[in-house]
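Worksheet: the structure to be examined is printed underneath.
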Amino acid sequence: MFRNVLGKTFRFLGYTVQYGCIAHCAFEYLGGIVVCSGPSMEPTIQNSDIVFSENLSRHLYCIRKGDIVIVKSPNDPKSNICKRVIGLEGDKVCTSNPSDFLKSHSYVPKGHVWLEGDNLRNSTDSRCYGPVPYGLIRGRICFKTG
């Protein structure tokens, strides 16, 4: 009796670990559903819009200018942000705010991307925290509901 219960318990734990590994790989490499919050990507993505993020692009280094990506926040590693890729390594980008009279430019360093929100007047992005390391990219938005 005890042996039977112990066997079922270990079998259940084995299946749980297997399915947990499968789920981890699916969310890490395939993608997932993300709820975006905040006004920085308006009008493209509204507050509370649901989007699907695919993660293969970041692993295959297929991120391009114009893509909308989910990134670990450079200011708060516990949160993710949603921004548009404006520049890739080696690109010349405008680093000043839209309201600045004199425009300043810089080059995106190797291994980094330049990110900006579509709502430039209400976005904390690379104009505030500088170029973002490519390794912080979590995924690329490929589908938006609504």
Side-chain angles (χ1 to χ4, degrees), residues 7-146:
K8 285 183 179 181
T9 302
F10 280 126
R11 200 168 335 161
F12 174 75
L13 286 174
Y15 287 133
T16 302
V17 169
Q18 284 177 337
Y19 291 124
C21 289
I22 291 169
H24 168 73
C25 288
F27 288 120
E28 180 67 22
Y29 293 101
L30 296 179
I33 296 171
V34 179
V35 179
C36 294
S37 62
S40 71
M41 284 303 293
E42 291 177 353
T44 309
I45 297 175
Q46 302 291 327
N47 191 28
S48 300
D49 273 357
I50 298 171
V51 297
F52 182 77
S53 168
E54 62 85 12
N55 299 348
L56 285 176
S57 292
R58 76 177 167 114
H59 292 292
L60 300 174
Y61 293 90
C62 296
I63 301 295
R64 296 183 299 244
K65 277 198 265 189
D67 286 346
I68 300 175
V69 292
I70 302 293
V71 181
K72 283 278 183 211
S73 172
N75 294 337
D76 179 13
K78 293 179 182 175
S79 67
N80 292 322
I81 57 174
C82 178
K83 303 291 179 194
R84 186 176 301 277
V85 177
I86 300 300
L88 301 170
E89 61 182 53
D91 288 345
K92 184 177 181 180
V93 292
C94 180
T95 59
S96 50
N97 288 313
S99 59
D100 292 349
F101 181 70
L102 294 173
K103 303 296 182 194
S104 58
H105 296 84
S106 180
Y107 288 94
V108 180
K110 184 177 174 120
H112 290 71
V113 293
W114 189 267
L115 304 174
E116 291 181 5
D118 286 356
N119 186 355
L120 291 175
R121 298 195 192 296
N122 198 2
S123 177
T124 302
D125 48 37
S126 286
R127 294 170 296 149
C128 299
Y129 42 71
V132 176
Y134 194 92
L136 292 182
I137 296 175
R138 306 304 304 146
R140 180 180 65 88
I141 302 298
C142 60
F143 180 76
K144 178 184 103 145
T145 61

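- Atom NZ of Lys110 sits in a sparse spot, with 12 or fewer heavy atoms from other residues, nucleotides or ligands closer than 6.0 Å.
- No more than 12 heavy atoms of other residues, nucleotides or ligands lie within 6.0 Å of CD1 in Ile33, so this atom counts as exposed by the packing criterion.
- Within the structure, ring-ring contact (aromatic ring centres under 6.0 Å, His included) pairs that include any residue of residues 90-131 do not occur (at least two apart or interchain).
- The shortest heavy-atom contact between Tyr134 and Tyr61 is OH-CA, 3.1 Å.
- The minimum heavy-atom distance between Leu115 and Asp125, with the atom names listed, is O-CB, 3.3 Å.
- Shortest non-hydrogen contact noted between Cys82 and Ser40 is O-OG, 4.0 Å.
- Expressed to the nearest 0.5 Å, how far CZ of Arg127 lies from OG of Ser104 amounts to 11.0 Å.
- Looking only at distances, no side-chain donor or acceptor of Ser73 sits under 3.5 Å from a matching main-chain atom of Pro77.
- Ile137 contributes atom CD1, which lies 9.0 Å from atom CZ of Arg58 (distance to the nearest 0.5 angstrom).
- Contact record, Gly139 with Asn55: CA-OD1, 3.5 Å, taken as the closest heavy-atom pair.
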Could you go step by step and tell me if Thr124 and Asn75 meet the side chain to side chain contact (heavy atoms under 4.5 Å, CB included) rule? CA-CA 10 Å; Thr124 302; Asn75 294 337; 4.3 Å; yes

Contacts under 3.5 angstrom, residues 9-21 side chains, donor-acceptor by atom type, not counting sequence neighbours:
from	atom 1	to	atom 2	distance (Å)
Thr9	OG1	Val5	O	2.8
Thr16	OG1	Phe12	O	2.8

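- Side-chain contact between Asn80 and Val34: absent, with no pair of heavy atoms (C-beta onward) separated by less than 4.5 Å.
- Note that the CD1 atom of Ile45 and the CD1 atom of Ile68 stand 4.0 Å from one another [nearest 0.5 Å].
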Kindly indicate, with the supporting measurements, whether the criterion side chain to side chain contact (heavy atoms under 4.5 Å, CB included) is fulfilled by Arg140 and Val85. CA-CA 10 Å; Arg140 180 180 65 88; Val85 177; over 6 Å; no

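- A distance of 9.5 Å separates OG1 of Thr95 from CD of Glu116, quoted to the nearest 0.5 Å.
- If you check the side chains of Lys83 and Ser123, you find a donor sitting under 3.5 Å from an acceptor.
- Proximity of a side-chain donor or acceptor of Asn119 to a complementary backbone N or O of Glu42 within less than 3.5 Å is not detected.
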Stepwise side chain to side chain contact (heavy atoms under 4.5 Å, CB included) check, Asp118 with Arg84: CA-CA 7 Å; Asp118 286 356; Arg84 186 176 301 277; 2.8 Å; yes

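- Closest of all the heavy-atom pairs between Val51 and Cys36 is CG2-SG, 3.7 Å.
- Atom CD1 of Ile141 is separated from atom OG1 of Thr44 by 11.5 Å, given to the nearest 0.5 angstrom.
- The two residues Lys65 and Leu88 come nearest to each other via the heavy atoms N-CD1, 4.0 Å.
- Rounding to the nearest 0.5 Å gives a distance of 10.5 Å between CD1 of Ile86 and CG of Asp67.
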